[in-house]
There are 2 protein chains.
Amino acid sequence: MSEHAPSVPADDSVGIVSPQKFHFDTPLPLACGRQLNHWDLMVETYGELNADASNAVLICHALSGNHHAAGYHAPDDRKPGWWDSYIGPGKPVDTNRFFVVALNNLGGCHGSTGPTSIDPDTGRVWGPDFPVMTVEDWVDSQAVLADRLGIQRWAAVVGGSLGGMQVLEWSTRYPERLLHAVVIASTPKLSAQNIAFNEVARQAIMSDPEFHNGHYLEQETIPRHGLRLARMVGHITYLSEHSMGQKFGRDLRADKLNYSFGVEFQVESYLRHQGDTFSERFDANTYLLMTKALDYFDPAGAYGGDLVKALEVAQCRFSVFSFTTDWRFAPARSEELVNALVAAGKRVSYACIDSPHGHDAFLIPNERYQAVFTATMDLIWQQQAGAASCAQI
Amino acid sequence: MSEHAPSVPADDSVGIVSPQKFHFDTPLPLACGRQLNHWDLMVETYGELNADASNAVLICHALSGNHHAAGYHAPDDRKPGWWDSYIGPGKPVDTNRFFVVALNNLGGCHGSTGPTSIDPDTGRVWGPDFPVMTVEDWVDSQAVLADRLGIQRWAAVVGGSLGGMQVLEWSTRYPERLLHAVVIASTPKLSAQNIAFNEVARQAIMSDPEFHNGHYLEQETIPRHGLRLARMVGHITYLSEHSMGQKFGRDLRADKLNYSFGVEFQVESYLRHQGDTFSERFDANTYLLMTKALDYFDPAGAYGGDLVKALEVAQCRFSVFSFTTDWRFAPARSEELVNALVAAGKRVSYACIDSPHGHDAFLIPNERYQAVFTATMDLIWQQQAGAASCAQI
């Protein structure tokens, strides 16, 4: 991801941004049968909503993402938001044109109501008693947020990975409330292997003695080792074998083998660092919940596995992108979706983008990706202008 | 793997077998700079060594394997040895012809000297103070075993995965002591991704509080959770995405989601079971040591990365097999080896075998594999007969 001195923000940066917390007292019924009566969403917006509220774009985040998608919170921030490469003035999601809305999903650990929040009914931290969330629940909460912001219809809903699942769910759950769905590096459902990797991550967390059945905060501890392992496993699946090889090969940290179980190869050092950093900044119950949402997502499930049927209700146009070396959600997974959309008679464009960066490619600057993403958002810009002028007639 | 009532052994089974422990007082210098002065190897043999000791085949085991490669230890054994599908009367490694030697490698936990053995110098369990072993060390110990058995030259050295690495090492370390090297589902060195998966497994074990820096036996405990996680991660890499999908898909254990973090999908149940079973039967220090031996193996390393140069000294013929859906050591990794062997002017045959079973394919009955393995062993039979008659002239 690009890094620059934010004290002199680049011309294409949204600059310093401030998150806002939105409070809702609208009961939100959840797929699990429970409901949230009082809940908060932490939100960032970039750009200006136009008079007819037709230029709004919703950004949906992936497993470890949040509302901070672009810009900086403070002049001395070391890194910008997680999708800063693609959101900003003149960038593919052009904030000179679009009003961009990014939020932390419910169940998250960055300000929206989640396992680290206080349950108003008990006065105690939710912890493991926070309801299991699904992609459907998130989309419902995002629709309530859209109401609050005065957005009847999104010009586009955009997201990568787990974010792409939310986009897909929007297209069938609220078919009249978006013009365009941009589904990036995603899949219409997890494979057994995907679920298996998630299960290893969950077991790593849950078998950490510091997990305390999810009540670690009350014990004033965190399951650091478990989270660290979960992130290490995850990280292997985010990178391609090729990019890992290019980045580290079999390079040693010292100049020779030390015949011990300490860090010897560069790739070990990298993984440990990734794991350590993550375990300091992410909540374990949130991690469990996010992986379960991934596992559960299966829009075709309610239609006996028939994805074409599940998609029939959609009204928006679709753009689907995949990346050649992504083995977490390989191009074939996007192509399943594209084929089903075609079979359902939907308007869809598809690009399989050449990149060495595996699943992480959806976050990383890449000329081809930028070109196809820009062209897509240009189309969406025209589409919303056309729709808005039709509405005026 | 085939299972039958061993009380009535099948005609193609070696039947009931007994392991033998061989004790050595020959000092064994190790790659790490230390040496073992007194050591045991647990060994099984099948078939009869012929008069000129020309019909011996060495079987090298993989990460979690041992000396029990074929047959049963007792009439009520539920499962035969790990390679029973391919070793026995009339099977590819035909015990009517060959004298087959299988051993538990040093550092193992099934009878050979390893971390669970008593260090004769201290009178205490070796534990984490057992030396880090390398493929080279194993091959050296196997050569000492061959001396003891009166085998000057193996008709073949055969192994899959980590076993294949030992075969390759034999070909260059003792070039005159084998006629044929059979390298199955292996690689001339690990990739960064392979090392990364091993590192996650090691971290899972070492960060388990029951690990006690490797001194868990003295604490009368075992790092069960860590071993379990290590095995779960490993298991994902042994199966192909396809075979996991075929075996489990997204099938639920119950008839609907229960919105909890318990077992819901069949694949979760399977992985937990695999992990639990393994954590009961395998030693954690041995697991660490085996993964390190994998990471370290790099015969080209001493030749500036030039594998062709590393292989020049080899005199044997080579047969290399890979499996189409193996993503742990993909066919491309075998092909690197085959290309280097060709470039080094060696006699090599190569088969990439169609199988849906991923890396595990090398253990599983498969008609094509059986055909090519049988043809290879037939060739080796003729080769050793020819070599033996030449030697007599």
Side-chain angles (χ1 to χ4, degrees), chain A residues 30-34 128 131-132 134 189-197 199-200 202-204 206-209 214 225-226 228-229 232-233 235-236 239-241 244-251 257 259-261 263-268 270-272 275 288-289 292 295-296 298 301 327 330, chain B residues 30-34 128 131-132 134 189-197 199-200 202-204 206-209 214 225-226 228-229 232-233 235-236 239-241 244-251 257 259-261 263-268 270-272 275 288-289 292 295-296 298 301 327 330:
Chain A
L30 305 172
C32 65
R34 295 166 66 188
V132 168
T134 64
K189 62 170 187 282
L190 293 203
S191 69
Q193 190 189 73
N194 294 146
I195 294 173
F197 276 119
E199 171 65 3
V200 170
R202 283 190 293 266
Q203 287 295 312
M206 296 196 294
S207 68
D208 185 328
H225 289 308
R228 183 171 178 265
L229 283 171
M232 288 173 83
V233 172
H235 221 85
I236 299 176
L239 301 185
S240 69
E241 181 163 22
M244 241 187 190
Q246 289 291 103
K247 213 164 170 174
F248 309 108
R250 297 177 48 85
D251 294 351
L257 298 175
Y259 297 102
S260 79
F261 301 119
V263 164
E264 290 197 287
F265 294 97
Q266 292 288 5
V267 66
E268 296 172 321
Y270 171 80
L271 279 184
R272 290 189 192 187
L288 296 179
L289 178 154
K292 267 295 178 186
D295 290 3
Y296 284 164
D298 182 15
W327 65 279
Chain B
L30 305 172
C32 66
R34 296 164 66 187
V132 169
T134 64
K189 62 170 187 282
L190 293 203
S191 69
Q193 190 189 72
N194 294 147
I195 294 173
F197 276 120
E199 170 65 2
V200 169
R202 284 190 293 266
Q203 287 296 311
M206 296 196 295
S207 68
D208 185 328
H225 290 307
R228 182 171 179 266
L229 282 171
M232 289 172 83
V233 172
H235 221 85
I236 300 176
L239 301 185
S240 69
E241 181 162 20
M244 240 185 190
Q246 288 292 103
K247 213 165 172 172
F248 308 109
R250 297 176 49 84
D251 293 351
L257 298 176
Y259 297 101
S260 78
F261 301 119
V263 164
E264 291 197 288
F265 295 97
Q266 293 288 4
V267 66
E268 295 172 322
Y270 171 79
L271 278 183
R272 289 188 193 187
L288 296 179
L289 178 155
K292 267 295 178 186
D295 290 2
Y296 284 164
D298 182 14
W327 64 279

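Here the structure is a predicted model, which is why all the values come from computation and not from measurement. Residue numbers start from 1 in every chain, and the chains themselves are labelled A, B, ... in the order their sequence lines are given, proteins ahead of strands. We use all heavy atoms of the structure for the numbers below, so side chains are in, but hydrogens, waters and symmetry mates are not.
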On a heavy-atom basis, which atom in [X] and which in [Y] lie closest, and how many Å separate them?
X        : Y        : result
B:Gly249 : A:Ala192 : O-CB, 3.4 Å
B:Ala196 : A:Val267 : CB-CG2, 4.1 Å
A:Phe261 : B:Met206 : O-CE, 3.4 Å
A:Val233 : B:Val233 : CG2-CG2, 4.3 Å

Practice task
Report the distance from atom CE of B:Met244 to atom CD of A:Gln193, rounding to the nearest 0.5 Å.
Solution key: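 B:Met244 CE to A:Gln193 CD: 6.5 Å, rounded to 0.5 Å.
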[X] versus chain B, heavy atoms under 4.5 Å apart: side chain, backbone, both or neither?
X        : value
A:Tyr270 : neither
A:Leu271 : side chain
A:Arg272 : side chain
A:Ser260 : backbone
A:Leu190 : both
A:Asp295 : both
A:Phe265 : side chain
A:Lys189 : both

Problem - B:Thr134 side chain near A:Tyr259 side chain, heavy-atom distance below 4.5 Å - result: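 The answer is yes; the side chains approach within 4.5 Å.
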Handout entry: Contact check, side chains of B:Ile195 and A:Phe248, non-hydrogen atoms, under 4.5 Å
Key =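 The answer is no, as the side chains (C-beta and beyond) never meet within the 4.5 Å cut-off.
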Handout entry: Basic-acidic side-chain contact under 4.0 Å: A:Arg202, B:Glu264
Key =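 Not counted as a salt bridge, because no side-chain N and carboxylate O are separated by less than 4.0 Å.
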Handout entry: Selection from A:Glu241, A:His225, A:Lys247 maximising heavy-atom pairs under 4.5 Å formed with chain B
Key =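 Max contact count across the listed options: A:Glu241.
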Problem - salt bridge (charged side-chain N to carboxylate O under 4.0 Å, His left out) evaluation trace for A:Lys292 with B:Glu268 - result: CA-CA 12 Å; A:Lys292 267 295 178 186; B:Glu268 295 172 322; 3.6 Å; yes
Exercise for the section: Give a yes or no answer on whether the side chain of B:Arg250 reaches the backbone of A:Ser191 with a donor-acceptor pair at less than 3.5 Å. Expected result: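 Checking the backbone N and O of A:Ser191 against the side chain of B:Arg250, no donor-acceptor pair under 3.5 Å is found.
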Practice task
May I ask you to decide if A:Leu257's main-chain N or O and B:Tyr296's side chain share a donor-acceptor pair within less than 3.5 Å?
Solution key: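 A pair under 3.5 Å: no.
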Practice task
Find the one option among B:Ala31, B:Pro209, B:Gly245 whose heavy-atom pairs under 4.5 Å with chain A are most numerous.
Solution key: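 Most heavy-atom pairs within the cutoff with chain A belong to B:Ala31.
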Problem - Greatest number of heavy atom pairs closer than 4.5 Å to chain A - which of B:Asp298, B:Asp208, B:Leu239, B:Asp251 - result: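 The option with the most such pairs is B:Asp298.
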